[in-house]
2 protein chains.
Amino acid sequence: MCGTVSIVDHIELASVCKALGDPTRVRIFQFLLECCCPVALEEDGDVRPANGPTVGEVCCQVTGIDKITSTISFHLKELRQSGLITMEKQGKHMICGINREALARLADYLNEASKRSTCC
Amino acid sequence: MCGTVSIVDHIELASVCKALGDPTRVRIFQFLLECCCPVALEEDGDVRPANGPTVGEVCCQVTGIDKITSTISFHLKELRQSGLITMEKQGKHMICGINREALARLADYLNEASKRSTCC
DNA sequence: CACACATTTCGAGAACTGTCGAAACGATGG
DNA sequence: CCATCGTTTCGACAGTTCTCGAAATGTGTG
């Protein structure tokens, strides 16, 4: 066959893509991309937990309303279940973050696919 | 902002991802990846049209039935409208191919996103 | 022209998805 | 412990998507 791919089956690829297949979810995702610092490792040698916005902040940014809606909660769940984002409880809050590894895997898969040049 | 991205708005990204957000379409897509030679340019200096399977062959591969179903036709239309695949009439047949450029753009976007390392 | 073949379109039904408001849950502070 | 805050879950509804079979379209062939 034409080389190994990182995303194995139809189902997994479909599930990740489906998660990004809704405009509201893409907006959430892009907001998280902009405002989440990746986990810091170097400076203090310690793994620092994700440093991102709370669900309320995501809501506020995406809907413009300063109130958590069940709709955003629903979309966050979809994104989390697909593995694209992470969510971590911190006291009263849920901190959202990008799962850069999942993202990189998807990018690699598509990049490899776009460059495949010979027939099998 | 954090650098330009190739895929502009939520809608476009969502639309491409949505097209890949169905297991049947992913199977079609992966079959096309495996069996479509990219357009040949170098050897004869001529642009050769896409060299891929017909709709019937896609159907046969994906459904196992040697008969074109309206379902596959529907999914091919979705993929074509999202820009991920190309279809070209050749006599009686429609030849399907991968749009590697669209694929590369998506891969670039995701790759850049996965590497973004600073806050805005 | 009539026919067979490759494919798309249409219409209908079932299944799924996105949205909303209300209720429930869990953590924290008084 | 009660109230409150941040968040999720639930139930309902409208809208969309997927699938199927039948009919329509287009294209080469006798």
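Here is the naming used below: chain letters follow the sequence lines, and residue numbers restart at 1 for every chain. Computed over heavy atoms, backbone and side chain alike; hydrogens, waters and symmetry mates excluded.
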Quick one: does A:Thr69 reach the base of C:dG21 with a side-chain donor-acceptor pair under 3.5 Å?
-> no
Tell me whether the OP1 or OP2 atom of C:dA6 has a side-chain N or O from B:Lys89 closer than 4.0 Å.
-> no
Between B:His75 and D:dT19, is there a side-chain N or O to OP1/OP2 distance below 4.0 Å?
-> yes
Ranking D:dT17, C:dG18, C:dT7 by distance to the side chain of B:Met94, first place goes to C:dT7
Nearest-angstrom distance from the residue atom CD1 of A:Ile95 to P of D:dT8 = 12 Å
Looking at the side chain of B:Thr71, which of C:dT28, D:dT19, D:dT8 is the nearest nucleotide?
-> D:dT19
Measure the distance from CZ on A:Arg80 to P on D:dT8 and round it to the nearest whole Å.
-> 7 Å
To the nearest Å, give me how far apart CG (A:Asp22) and C1' (C:dT17) are.
-> 9 Å
Residue whose nearest DNA chain D nucleotide is more 5′ - B:Lys67 or B:Glu78 = B:Glu78
Round to a whole Å and report the spacing from CE of A:Met87 to P of D:dT7.
-> 8 Å
Where the side chain of B:Phe74 is concerned, which of D:dT17, D:dC20, C:dC20 is the nearest nucleotide?
-> D:dT17
With hydrophobic residues grouped by side-chain heavy-atom distances under 4.5 Å, do B:Phe31 and B:Leu20 end up in a single group?
-> yes
Any N or O donor-acceptor pair linking the side chain of A:Thr24 to the base of C:dG18 at under 3.5 Å?
-> no
Do side-chain atoms of B:Gln81 reach the backbone of B:Glu78 as a donor and acceptor pair under 3.5 angstrom?
-> no
State plainly whether one hydrophobic cluster holds both B:Val55 and B:Phe74, where clusters connect Ile, Leu, Val, Met, Phe, Trp and Tyr through side-chain heavy atoms under 4.5 angstrom apart.
-> no
Could you pick out which residue, A:Arg25 or B:Ser73, lies toward the 5' side of DNA chain C when each is mapped onto its nearest nucleotide?
-> B:Ser73
May I ask you to evaluate whether A:Ser70 reaches the phosphate of C:dC20, defined as a side-chain N or O under 4.0 Å from OP1 or OP2?
-> no
B:Lys77 has an atom NZ; how far is it from atom P of C:dA6, in whole Å?
-> 21 Å
Is the shortest side-chain N/O distance from A:Lys18 to OP1 or OP2 of C:dC16 below 4.0 Å?
-> no
d(CD1, A:Ile68; P, C:dG21) in whole Å = 15 Å
Give a yes or no answer on whether the side chain of B:Arg27 reaches the backbone of B:Asp22 with a donor-acceptor pair at less than 3.5 Å.
-> no
Please report, rounded to the nearest Å, how far the P atom of C:dG26 is from the NE2 atom of A:His93.
-> 18 Å
Do any N or O atoms from the side chain of B:Asn99 and from the backbone of B:Gly83 form a donor-acceptor pair under 3.5 angstrom?
-> yes
